[in-house]
Protein chains: 2
Amino acid sequence: MTRAGVTAARLTEAAADLADEVGFENVTVSALARGFGVKDASLYSHVKNAHELKVRVAVFALAELADRAAAALAGRAGKDALVAFANAYRDYAKEHPGRYAAMRMELDPETAAASAARRHSELTRAILRGYELREPAQTDAVRLLHSAFFGYVSLETAGGFRHHAREVDASWSSAMDALDALLRNWPPAS
Amino acid sequence: MTRAGVTAARLTEAAADLADEVGFENVTVSALARGFGVKDASLYSHVKNAHELKVRVAVFALAELADRAAAALAGRAGKDALVAFANAYRDYAKEHPGRYAAMRMELDPETAAASAARRHSELTRAILRGYELREPAQTDAVRLLHSAFFGYVSLETAGGFRHHAREVDASWSSAMDALDALLRNWPPAS
DNA sequence: CGCGTTTCCTAGAGCTTCTAGGATCCTACT
DNA sequence: AGTAGGATCCTAGAAGCTCTAGGAAACGCG
């Protein structure tokens, strides 16, 4: 009897795949063990909790998306960078809905700090290099941009825009125009 | 032995309260039954599923927030309306984190259509009366606004802005300024 | 009062989580 | 080669949650 070769990393990736297939809230230690041809109790040598497993998936997805966003940002500036970054978010959510749902988890401060969440902020900030924004407006813009991307993609994947006539793609590109215009014309502090 | 007086509505409200206390993902039929001093099997006369219970909470929260938003919007226009509406979202999420998390659930199309989700769109659209936007820019603006509110509040409650120096309240009001400026100066279709 | 409906119960099956303790495999050191 | 230690996997089992089936008790109405 050879071993199944389970590691924490492999486990996390399998959990992420499972999340994309059956939904993040249906990711379970038992189902994961079945996928590995292993009893569920065995997985507790690699993972403390069911909760820890989900946190691992969230952190993994955060890092994966940060990689994609960084790649999309390379060699681009201004509106090109903005659109490429935003599309990285949207495409990732479409391709990996379970992983994206995992990212919506609440992480406790220390794991959040250790995760790629900070990279997301830094990458969003990198977009602003093509625009003229100084602190503290820069931080405010980073937060608003991140919120807009995140919220738009969340609402779209949740089906929030389904019942409208207008095509979502057209709305999306219009939103990109609007955000670009906003960054070029950020209002002075009141 | 008198009856406990359980109805679907009372159940939903208790579930919403429970969600605010222990988190939406920890809302369980058993815990709810304990709260009513009743066996868990009894609740299945009122609710089909655990899933249906959660959907009920989501729909309930959606309606409750729509009521608040509508009240906040009454008698206001322009930026006043924008800020009041956005604050209704943010305050609700702070006051009722479990209910807000419930709203993030994916609803199947028919229940989503029957829910207050449409009212949210209409209320967001009402904000735009104070600005000069025609279709299809209006729909695009509604989606972007809704995304920004929703995303900002989600990220803030998830602790996404915790590690930054700048006060979130200041960033928030700056975001309001920015969105107001954007609506007053929406870019023409490209 | 009696009838049907609703609410609640007990009993139990099935799934998931997680712990305890034991067996087996791999690695590294002597 | 032999063996000690650690990592991986197992069985067994307790506890919680979901949900069904069938029965009893309360309630509402004619």
Side-chain angles (χ1 to χ4, degrees), chain A residues 1-60 98-99 101-102 104-108 111, chain B residues 1-60 98-99 101-102 104-108 111:
Chain A
M1 177 78 90
T2 70
R3 298 202 181 180
V6 178
T7 64
R10 208 182 296 262
L11 213 57
T12 305
E13 229 176 300
D17 289 342
L18 186 62
D20 287 336
E21 285 168 25
V22 303
F24 181 62
E25 73 280 3
N26 295 101
V27 169
T28 182
V29 177
S30 304
L32 208 56
R34 274 193 294 275
F36 276 93
V38 150
K39 296 297 171 186
D40 50 346
S42 304
L43 297 191
Y44 288 90
S45 327
H46 304 281
V47 171
K48 240 201 325 274
N49 269 345
H51 182 257
E52 200 209 55
L53 175 69
K54 292 188 177 185
V55 169
R56 265 182 173 28
V57 174
V59 171
F60 172 76
R99 284 160 154 93
R104 270 172 281 191
M105 268 195 69
E106 288 195 34
L107 302 177
D108 49 313
T111 54
Chain B
M1 175 79 88
T2 70
R3 297 197 183 183
V6 179
T7 64
R10 208 182 295 261
L11 213 58
T12 304
E13 228 175 300
D17 289 341
L18 185 62
D20 286 337
E21 285 168 25
V22 303
F24 181 62
E25 73 281 3
N26 296 98
V27 169
T28 182
V29 177
S30 304
L32 208 55
R34 274 193 294 275
F36 276 93
V38 149
K39 297 295 170 186
D40 51 346
S42 304
L43 297 191
Y44 288 89
S45 328
H46 305 280
V47 170
K48 242 205 320 278
N49 269 345
H51 183 257
E52 201 210 55
L53 175 70
K54 293 188 177 184
V55 169
R56 264 182 172 32
V57 175
V59 171
F60 172 77
R99 284 160 154 92
R104 270 172 283 194
M105 267 195 72
E106 288 195 34
L107 302 177
D108 49 313
T111 53

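Values reported hereafter were calculated over all heavy atoms of this structure, with side chains retained and with hydrogens, waters and symmetry mates removed. Reminder, nothing fancy here: chain letters follow the sequence lines and each chain counts from 1. This structure is a prediction, so every number in the text was calculated from the model and none was measured.
- Neither OP1 nor OP2 of D:dG16 sits under 4.0 Å from any side-chain N or O of B:S30.
- Nearest heavy atoms, A:V22 versus A:N26: O-OD1, 3.1 Å.
- Nearest approach of A:L43 to A:V29, heavy atoms of both residues: CD1-O, 3.7 Å.
- Here the side chains of A:L53 and A:L32 are in contact, with some heavy-atom distance below 4.5 Å.
- Straight-line distance from the CG atom of A:L11 to the P atom of D:dA7: 17 Å, rounded to whole Å.
- Between B:R34 and D:dC17 there is a side-chain polar atom (N or O) within less than 4.0 angstrom of OP1 or OP2.
- Here C:dC15 presents its P atom at 18 Å from CG of A:L32, a figure rounded to the nearest Å.
- The shortest distance between the side-chain N/O atoms of A:H46 and the OP1/OP2 oxygens of D:dA7 is not below 4.0 Å.
- Side-chain contact between B:V57 and B:V27: absent, with no pair of heavy atoms (C-beta onward) separated by less than 4.5 Å.
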Enumerate all atom pairs, one protein N or O and one N or O from nucleotides 19-21 of chain D, separated by less than 3.5 Å.
| unit_1 | atom_1 | unit_2 | atom_2 | d |
| --- | --- | --- | --- | --- |
| D:dC19 | OP2 | B:Y44 | OH | 3.3 |
| D:dC19 | OP2 | B:A50 | N | 2.7 |

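- Residue pairs satisfying the salt bridge (charged side-chain N to carboxylate O under 4.0 Å, His left out) criterion with at least one member in residues 40-57 of chain A, sequence neighbours excluded, are listed as follows: A:K48-A:E52, A:E52-A:R56.
- Between B:F24 and B:R99, the closest side-chain pair of non-hydrogen atoms is not below 4.5 Å.
- Within the 4.5 Å cutoff, side-chain heavy atoms of B:R10 are placed close to those of B:F36.
- For the pair B:K39 NZ and D:dA25 C1', the computed distance is 17 Å after rounding to whole Å.
- For the pair A:S42 and D:dC10, the criterion of a side-chain N or O lying under 4.0 Å from OP1 or OP2 is met.
- Put simply, the side chain of B:T7 does not reach to within 4.5 Å of the side chain of B:H46, judged on heavy atoms.
- Listed in residue order, the members of residues 21-28 of chain B having a heavy atom less than 4.0 Å from DNA chain C come to none.
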